[in-house]
Amino acid sequence: MNAGELLLRSGLVAAIAAVALNVSALRGRRSRAGSWAFAIHAILIVASLALLGALFLSRRFEYAYVAQYSSRALSPALTLAAVWAGQEGSILLWAALGALMGLALLRQPGSLAKPALFFVSLGQIALLALLAVRSPFATTAHAPADGQGLNPLLEDPWMVIHPPVLFLGYAALLVPYALAAAALVRGEYREWNRMTWPWALFGVVTLGAGIALGGVWAYKVLGWGGYWGWDPVENASLVPWLVAVALLHGLLIQRTTGALARTNLALAFAGWATVLGGTYLTRSGVLQDFSVHSFADSGLNAPLTGTLALFTLLGAGLLAARWRRVEAGARAIGNLSRESALWLGMITVLALATLVAVGTSAPLLTSLAGKPAGVQTTFYERVSLPVGIALVLLMGVSPALRWFRQNGTSWLAGLAPGLVGTLVVAIPAMIAGARAPGSIALIAVAGFALGVNVAVAVRHFRRGWMYGAGYLGHAGLAVMVLGIALSASLGKSERLELRHGRTVESLGYALTFDGDEPTAHGGRVLRIAVVAPRWRLDARPELLPSPRDQGVVRKPAISGVRELYLSPVEFHEPAAGSLPNASVVAGVAVVDLSTKPFINLVWIGVLLAFLGTALAGIRRAAEKLPAPRGRPVASREPKTHHHTQTPRERSQTC
């Protein structure tokens, strides 16, 4: 047994000890032993991840996982990033981040922290059980002189940051599950909202950031001209993020009105369950024929199935057993109010999450009736468009409404900036060439939501630099949707055949193919001059062979200022003996030239959304959270005396 295996097994034993010792915390007894056991577990798992990184950096190819995903040609940064390129390393990264989340939970004030650690430890055991089946520290009898290296698609700086941020979001969503389970077991619901809010917010921000980074990476590296392809791996991260967004808004409604206590507990369970469900779909091998990014079957099917079943049944069982003891809330949602609009938004977000989950699971569902079959990307586009329109519209309406009820029709004045925003963006878009009714509707509601949220944000920012942060986040989402709709509606693309030395005009640009240079890895760099009046781009798109026989890798050339995208398709070698210079190949290049007008709005919107959400989180952390309005949400056992507040109208940032 090598040092890595020893660390992993010792970490598993410590996690089991943490579960056993924290049983007393579930019964209301104070015990430091469980916390110490988890801390030891965290140290061991983080140390094992550090050791694996050291093995990669020192080129220890006698370890099969190191040899499979690294090589001597990789830079130190990419060598370190190769740690999480495969099944074993990415699960170990996840477990290490989960251990750090558990330590942070122990630092959080509140009576539910230590009981929740029982369920966090249970999640850690599940991850380490996967590593017991597929260990990154397995060795080979004969060490190769060099490793296989990374797929060229992964040889990118985004590989260093994208997976850790994504797995940080996954790890964070276990904590709301653990707090919900602890609250149900203990019958203590007063602190649950306060303790869960920062974790839900952190999960939304980190998982959303991971998804956004993946979209930027896909756009700049994959060469197909898009940033989202509805691939199962993409959907596996989108679904839990949508559930976390619904939970975040549900917690806001609960702490303001006292409603949705049961719903929020269920959403906390659903967030972690969808993380595990997506992990099962993408890592068990059931979708290996339907996704180029999914892992093949590597013996993890059974433990993944068991983990998903355990946490799903555990959450459902606890909720069912305590359902009647959790008060539904003092107010019913249904009148014209901000909480009603937020509640409808939650339902819409969950509907989108359900549709995406069903589409992603289609091969598994259809296999029950015969031959597995997946859905086309058009399915997601058709179902997401009407849901997206409704969601963005609600995002514009809710800031104009007050909590609890409205005074006459005065609230309609708050919609005026939205109507201005609609006219400002929709009319120019139609003049520029937008024709599809669905796209025009999406552009219109995005302008509406942008106008309302900007107006409300400006009004609140006058009170302080963080008061309008939530509305800034919503405005950022509206800008992102506007960029998506405009670039899809107004974008143009043409496939061109470029011959050496000849100029081809397309989409207002003159393209000249100046030759093709071989790369050190057996690929080709196409030298193409793209010229417009008073502007020039010396484009260098690349065609690279995959070391694992996974086809040709196409790296595009992009002009962010011009929003121009040039992707190589193929290269035809010239006839033998026709080369005047052996270093420059005068063949024929086939490329896709695309214009992506307003696509920069997508990236700007994402930045604004995360900035606003982060500032809102800082503000919430800095202020004392208000008590829920109306009747407090509390357990019916034991009975305690509480002062009941009378709901009053007031505006509050979202």
Side-chain angles (χ1 to χ4, degrees), residues 208 227-228 238 241-242 245-246 249 336-353 355-356 380-401 406 409 411-458 468 470-491 597-609 612-613 654:
Y227 42 80
W228 190 262
L238 177 64
W241 182 78
L242 291 172
V245 168
H249 289 79
L336 184 61
S337 60
R338 181 175 295 183
E339 63 266 27
S340 299
L342 291 176
W343 178 76
L344 288 173
M346 289 175 57
I347 298 300
T348 308
V349 168
L350 293 174
L352 179 59
L355 291 169
V356 173
Y380 300 106
E381 294 169 355
R382 289 172 181 171
V383 301
S384 63
L385 181 60
V387 176
I389 292 173
L391 184 59
V392 177
L393 180 62
L394 288 168
M395 194 170 66
V397 172
S398 61
L401 299 175
Q406 311 308 306
T409 59
W411 61 276
L412 291 173
L415 301 180
L419 298 178
V420 174
T422 297
L423 296 175
V424 167
V425 300
I427 293 177
M430 289 187 287
I431 294 175
R435 295 291 181 267
S439 297
I440 294 174
L442 187 58
I443 292 170
V445 296
F448 175 78
L450 178 60
V452 173
N453 281 278
V454 166
V456 177
V458 170
Y471 301 108
L472 177 63
H474 284 173
L477 289 175
V479 171
M480 181 191 73
V481 172
L482 195 60
I484 292 172
L486 287 173
S487 61
S489 300
L490 305 179
F598 301 104
I599 198 169
N600 288 333
L601 291 179
V602 177
W603 323 127
I604 295 172
V606 168
L607 290 175
L608 288 176
T613 306
C654 174

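Atoms considered below: every heavy atom in the structure, side chains included; atoms not considered: hydrogens, waters and symmetry mates.
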Next item on the list: Kindly write out the residues that satisfy side-chain contact (heavy atoms from CB on, under 4.5 Å) with Ala429, not counting sequence neighbours, or none if the list is empty.
Entry: Ala434, Ile443, Leu486

Check: Out of curiosity, Met480 CE to Leu608 CG, how far, rounded to the nearest 0.5 Å?
Finding: 11.5 Å

Notebook entry, point to check: Taking the side chain from Asn453 and the backbone from Pro399, do they hold a donor-acceptor pair closer than 3.5 Å?
Noted result: no

Next item on the list: For the pair Trp228 and Ile484, evaluate side-chain contact (heavy atoms from CB on, under 4.5 Å) and give the outcome as yes or no after the intermediate values.
Entry: CA-CA 10 Å; Trp228 190 262; Ile484 292 172; over 6 Å; no

Notebook entry, point to check: Nearest heavy-atom pair of Val452 and Gly396: which atoms, and what distance?
Noted result: CG1-O, 3.1 Å

Notebook entry, point to check: Under the side-chain contact (heavy atoms from CB on, under 4.5 Å) criterion, do Phe448 and Val392 qualify, and how do the steps go?
Noted result: CA-CA 9 Å; Phe448 175 78; Val392 177; over 6 Å; no

Check: When rounded to the nearest 0.5 angstrom, what distance separates CH2 in Trp603 from CG in Asn600?
Finding: 8.5 Å

Check: Under the criterion side chain to side chain contact (heavy atoms under 4.5 Å, CB included), which of Leu442, Val445, Val602 is the partner of Val481?
Finding: Leu442

Next item on the list: Heavy atoms only: give me the nearest Ile389-Ala441 pair and the separation to one decimal.
Entry: CD1-CB, 3.7 Å

Check: How many angstroms lie between CG in Leu482 and OG in Ser487, if you round to the nearest 0.5 Å?
Finding: 9.5 Å

Kindly list each side-chain donor-acceptor pair under 3.5 angstrom involving residues 381-388, sequence neighbours excluded, with atom names and distances?
{"from": "Ser384", "atom 1": "OG", "to": "Tyr380", "atom 2": "O", "distance (Å)": "2.6"}
{"from": "Ser384", "atom 1": "OG", "to": "Glu381", "atom 2": "O", "distance (Å)": "3.4"}

Notebook entry, point to check: Between Pro597 and Gly491, what is the shortest heavy-atom contact and its length?
Noted result: CD-CA, 3.7 Å

Check: Rounded to the nearest 0.5 Å, how far apart are CG of Leu401 and CG of Leu415?
Finding: 7.5 Å

Item checked: CG on Leu350 to CG on Leu355, rounded to 0.5 Å -> 11.0 Å

Check: Quick one: CE on Met395 to NE2 on His474, what's the gap to the nearest 0.5 Å?
Finding: 6.5 Å

